[in-house]
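Position 1 is the first residue of the sequence, and the numbers go up from there. Basis for what follows: all heavy atoms, side chains included, without hydrogens, waters or symmetry-related copies. Fair warning: this is a prediction, and the values are worked out from it, not measured in the lab. Just follow the structure's listing: the first ligand is 1, and inside any ligand the first atom is 1.
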Amino acid sequence: MQEKFYLTTAIDYVNGAPHIGHAYEKILADVISRHKRQIVDNVYFLTGTDEHGIKIQKTAAAKHISPKEFCDENFSKFEQAWKELEIEYNQIIRTTDEQHKKIVKQIFKKLLENGDIYKHKYTGLYCSGCESFLNPKDLTQDGLCPDHLKKPDEITEENYFFRLSKYKYKLIDYIKTHPNFIVPAFRANEIIKQLEDIEDISVSRTKSSVQWAIDVPDDDEQTIYVWIDALSNYITAIGYDINEPSEKFKKLWPANVQIIGKDIIKFHSIYWTTILMSLGLPLPETIFSHGWITIDESKMSKSIGNVIAPKDVIDNFNLEHPDAFRYYMASAATLGKDGNYSDNEFKEKVNADLANNIGNLLNRTLNMLVKYFEGEIKSEFISDKNSSIAILAEDTKKQIIEKFNKYEIAEAANSIVDFADRVNKYVTENAPWQLAKEEKYTQCGQVIYNTLESMRYIALFIYPYCPNIAKDILKQLNQEEDFKYSKLQWGAIKEGKITEKEKIKPVFLRLDSEFALDKKRYIN
Ligand code: MSP
């Protein structure tokens, strides 16, 4: 068994409240982490917030509060949002944490001492939106920043520079020889292309331009560039220290996967990895970049006014728990591609998969068990692991593990739905109601047993996406709440009474059903 699994997400800027784009990434990470916990003992999931930089400094000033007060306010919104989505991280780091700041200074100093950071006077085109100098050949035809559509300012500054160019060929070679390093693979070529003409990068700002940042050690004039500060979180959080790294660090680093959006892949696969090389640390096993989430096919933006918070969806649909939203988001895009959120698609997808396909299957089958056998499994119903449906369940398990290993999270969800489809078909084809009519009770009980055992597999498969629904399925099957894959052996449901009429309830109500719209009525 694999000993540990360390996964990280990007750390979010706290200059606004969390929206469903931020949520998408945290849900993907949580789904991966919960899946890994089903298999690996020591899973460590780190997330956090990125709290320095000019934007935060300016927004706080406009609100007449200190940057730290502003960060505190927004940090709690992120914390709250992740709680509502049941994101089970082990740690949430803030870049304003004292320990983080101390180690970032150490890192900077070490790179100065080993000669990879040097001071250099430079004239360049600075975009305040990007908080960085731009390469003239990356500008639009009109000489504007491609992301902010603003003319960059020509600035002359003396800054510290990181000798990134020194590592360029080593990194190109590393990417070429490690096919799992950049996921999805189609991004690797983009990175190699960018690396071919990459130059050293400036890693400090003058205090007159950015004050809300970590100070460069032993220099009163300069602050550390926000990306150097931010990227280091992945190691400072777990106890990295130049002199004596903690046991925790030694156990966890290198990360198994670092999950980020496609917009920041360059910072991670080029800047971060070369800093690690300079520190003499191993590189993460995988940098997984996901696509972006649009709303009704448009980019989410404050100016369009279409920014949605995860809580909006949960409240609008009167959801009891975040499962449906988690499931939808985690299925929204195939590996590395963009996805879309729309209320209609959301409703249709979760009604089809969670209510109709999975929920109804459980409901119908438990009701048949009550109707024909008073809720009791008899020993002659129990099939062994060579039955065709058991083989299918095991095969689905293998597929899901393989897909997760490739970070194909939406694709793994499809395997669950396909399996549930096949089991639904199996029930239709074998028509247990007909078998009961013909008094073929043993055969009827066998079909019911196979279906319920399949539902137990489905509970474990769907747990990372829908932990509440998964718990409910196991409860209704009268099985202990344990989601470890070691429990996935065919035949765990034993003979005996497992349910009665009053205990059977839909695990997920269709979003347009009168019950879902008026929960109170359902409960009464
Ligand atoms: N602070 C930096 C990351 C530093 S990591 C050392 C940052 N912050 S962010 O708040 O702008 O974005 C945080 C993460 O959310 C990024 O991975 C980004 O790609 C992701 N997303 C932000 N908007 C998104 C969508 N609309 N859709 C999907 N992901 C999005 O970048």
Can you name the atoms of ligand 1, numbered from 1 with element, that are less than 4.0 Å from a heavy atom of [X]?
X      : value
Gly21  : 24 (C), 25 (C), 26 (N), 27 (N), 28 (C), 29 (N), 30 (C)
Met300 : 26 (N)
Gly261 : 17 (O), 19 (O)
Ala230 : 6 (C)
His268 : 5 (S), 6 (C)
Asp50  : 1 (N), 2 (C), 4 (C)
Ile260 : 17 (O)
Asp263 : 18 (C), 19 (O)

Does [X] approach ligand 1 within less than 4.0 angstrom via side chain, backbone, both or neither, non-hydrogen atoms only?
X      : result
Ile293 : both
Ile264 : side chain
Trp227 : side chain

Nearest heavy-atom approach of Glu51 to Trp212 is O-NE1, 2.6 Å
Salt bridge check: are [X] and [Y] linked by an N-O gap of less than 4.0 Å?
X      : Y      : value
Lys101 : Glu98  : yes
Asp30  : Arg326 : yes
Asp218 : Lys109 : yes

Does Asn351 reach the main-chain N or O of Glu348 with its side chain, forming a donor-acceptor pair under 3.5 Å?
no
Test your reading of the model: is there a side-chain donor-acceptor pair from Thr286 to the backbone of Asn180, 3.5 Å cut-off?
yes
Counting non-hydrogen protein atoms only, what is the nearest one to [atom]? Give residue, atom name and distance.
atom                    : result
atom 17 (O) of ligand 1 : Glu25 OE1, 2.6 Å
atom 9 (S) of ligand 1  : Tyr13 CD1, 3.6 Å
atom 13 (C) of ligand 1 : Asp12 OD1, 3.0 Å
atom 23 (N) of ligand 1 : His19 CE1, 3.4 Å

Anything under 30° is parallel, anything over 60° is perpendicular, the rest tilted; go ahead and classify Tyr341 against Phe325.
perpendicular
Quick one: does Lys299 get within less than 4.0 Å of ligand 1, heavy atoms only?
no
Gln399-Thr396 side chain donor-acceptor pair, cut-off 3.5 Å
no
Donor + acceptor pair across side chains of Gln258, Trp272 (<3.5 Å)
yes
I'd like to check whether [X] has a polar contact with ligand 1, where a contact means an N/O of the residue lying under 3.5 Å from an N/O of the ligand.
X      : answer
Ile11  : yes
Gly291 : no
Asn233 : no

Phe108 and Tyr160 aromatic centres sub-6.0 Å:
yes
Is it true that the NZ or CZ of Arg34 lies under 6.0 Å from the centre of Phe483's six-membered ring and within 45 degrees of the ring axis?
no
Heavy atoms only: which of Tyr234, Tyr341, Trp272, Trp292 is nearest to atom 5 (S) of ligand 1?
Tyr234
Holding to salt bridge (Lys or Arg N to Asp or Glu O under 4.0 Å), I want the full list of residues that pass it with Lys349, two or more places apart in sequence or in another chain.
Asp353
